[in-house]
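Structure first, then comments.
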Amino acid sequence: MVVDSRPDLRGVNACERLTEADIPCSYVYINSATYVMKDQVTKVLLSADALLANGYVLGSVGTAMLALIAHKYNKPVIVCCETYKFSERVQTDSILFNELADPKDMLTTKTGAASPLSTDPAQRKVNLVNLVYDATPPTLVSIVITEIAELPCSSAPVILRRDGERRC
Amino acid sequence: LSSGINAEWPLRPGEEFNTYLKNKTLRRPSYVIVTKTVAVLRELVVSSTWHHPTDLIRILKLYARYLPLKQSNETVVSNIVRRVLKIVREECSPTEGNAGLSVFFKKDSPKSSVETGDQNELKENICAGIEELEREVENSKNSIIKMALEHITDEVILTYGYSITVRDFLLHGHRKRNFRLVVCESGPSLKGHQMARECAEGGLDTTLIADSAAFAMIHIVNKIIIGTHTIMADGALRALNGTHQLALAAKHYAVPVIVCAALYKLSPTHLCSYDHDAFNKVIGPEMMVPFRNANLHSRVLVSNPEFDYVPGDLVELYITNIGGHAPSYFYRIVSELYHFKDFDLDSETSHDDT
């Protein structure tokens, strides 16, 4: 089951690649995650863009929400992350340090119907915020799978220290 | 329809209403549907032939079964039918239903119009009751928005989906308070875009975010104010898809969730199953994946449920037209607004024992 979110809608590509590999696929929007999580899902697999030294997982926006829903329904959350993505930075929320993508992307719809905000005067009045990343607290993640081992989130500084010692 | 009574309901307004409900291309706020329902029911009471209130109860129940309620998924129509039935039942037997202390105080109750047998007086009383209901419906939004200043301060408020009640609530609060509004897109219908536009046009400092960013943004939000499609009998919500995840994120950060809804949205039903027929409605996937991606549609199961069930313990407060309530109090309001015999409008047997 692929959970997708706007405005990127990269889940559609994921679905296409999975169907090419003959894996039976379902597709939902992130708003319906609570609807499917209860009965239809057994585990949640997420990818990370970074793993911070305090255990927070930096992923694409929506990762934290999905981890929270899975945690609520007691489904294991598995994060896949290579060790080169581990970072010494620490962060507790997703706002103080993040990236903003093009706000105009939020106005495009796949069906082609225009958003009510497409007109210029409307756009000037409303602030469009298109966040790219999302910080997931370590309490919501069950396990992190790296190329060297399967670790809990709290082991991130241990790996960083080991790599630091190797370089010295 | 073999009831043995002369059930001639006024065909024209009844049929127009029927087709109106079936038409799904119109975007219909609940308030408009409610006012139309009340008008049609009043027409029914006035023009159909009945001799005793129990006949009228049967007529109303038959009419409710004739309407496409399951198709249109508008629970407000059944709620209004139940309110009118309660008005008629109160004319039938004024002391029944309000059991308790009132029984002790009504020693010399004036003879009800049923006992005196005056049919015109009976009709007038029922119509007066329906008119009172009409006035209550008209004033429901104003009663809610007047409470805005008690609940909004200088802070950041998050809202979800498009609700006229919530929009006017926030605009009323904006007159004296200086707050910032964050609106979630509420995909795939993108109702949040319309909400953001109208709030910004009303002068609010509005920010639009994607639904996936709700968890990220929620820790700077002070409260969440949302509307709903239906309030269930246990204080739970049947709201737009995506409200449950928002409420879960709010609980994680201890942000209060406030729901603004009029009492015609309160339905005396409980959740028995999350399935399509029982609770939810799964609508077409073209909003998410356009039909151009035909090969995707044929090999991938795309789900697009319309509603979300939000349990009552995730909601902090309900602001209704009769004031603010905790979710735990709704069982009492249900017993005051509706008669227990009208809870189930669908079953065949329910119109035998009026």
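Note: hydrogens, waters and symmetry copies are ignored here, and every other heavy atom, side chains too, is used. Letters A, B, ... mirror the listed sequences (proteins, then strands); counts begin at 1.
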> Relative to chain B, which of A:P137, A:S60, A:S26 shows the most heavy atom pairs under 4.5 Å?
Replying inline: A:S26
>> What I'd like to find out is whether the side chain of A:M65 reaches to under 4.5 Å of the side chain of B:L248, using heavy atoms alone.
In response: no
> When only pairs under 4.5 Å are counted, which of A:P7, A:A33, A:A64 shares the most heavy-atom pairs with chain B?
Replying inline: A:A64
> Does a side chain donor of either B:E198 or B:Y162 reach within less than 3.5 Å of an acceptor in the other side chain?
Replying inline: yes
> So which part of B:S186 gets closer than 4.5 Å to some heavy atom of chain A, the side chain, the backbone, both or neither?
Replying inline: backbone
> Any residues in residues 214-226 of chain B near chain A, with a heavy-atom distance under 4.5 Å, and which are they?
Replying inline: B:A214, B:F215, B:A216, B:M217, B:H219, B:I220
>> Checking side-chain polar atoms at under 3.5 Å, does A:E147 have a donor or acceptor matched by the opposite partner on A:T83?
In response: yes
> Would you call A:R162 and A:E165 a salt bridge, using N to O less than 4.0 angstrom?
Replying inline: no
> Is the B:H229-B:F307 ring centre distance short of 6.0 angstrom?
Replying inline: yes
> Counting a contact as any heavy-atom pair under 4.5 Å apart, which residues of residues 90-100 of chain A contact chain B?
Replying inline: A:D93, A:S94, A:I95
> Got a sec: does the CZ of A:R89 have more than 12 other heavy atoms crowding it under 6.0 Å?
Replying inline: yes
> Which region of A:N130, side chain (C-beta onward) or backbone (N, CA, C, O), has a non-hydrogen atom less than 4.5 Å from a non-hydrogen atom of chain B, or is it both or neither?
Replying inline: neither
> Which atoms of B:D308 come close to chain A, meaning under 4.5 Å heavy atom to heavy atom: side chain ones, backbone ones, both, or neither?
Replying inline: side chain
>> When you compare the side chain of B:V300 with that of A:T19, does any pair of heavy atoms fall below 4.5 Å?
In response: yes
>> Please tell me whether B:T75 and B:T230 have a donor and an acceptor in their side chains that are separated by less than 3.5 angstrom.
In response: yes
> Does any heavy atom of chain B fall under 4.5 Å from the side chain of A:I30, the backbone, both, or neither of them?
Replying inline: both
> Out of A:D4, A:V28, A:L68, which one racks up the most heavy-atom pairs below 4.5 Å with chain B?
Replying inline: A:L68
> How about A:S32 and B:N241: does a side-chain donor come under 3.5 Å of a side-chain acceptor?
Replying inline: yes
>> With no hydrogens and no angle check, just 3.5 Å: does a side-chain donor-acceptor pair link A:Y35 and B:N304?
In response: no
>> Any carboxylate oxygen within less than 4.0 angstrom of a Lys/Arg side-chain nitrogen, looking at A:R6 and B:E185?
In response: yes
>> Salt bridge check, B:D154 against B:K176: does any charged N sit closer than 4.0 Å to a carboxylate O?
In response: no
> What heavy-atom pair brings B:C260 and B:V166 nearest, and what distance separates the two atoms?
Replying inline: CB-CG2, 4.1 Å
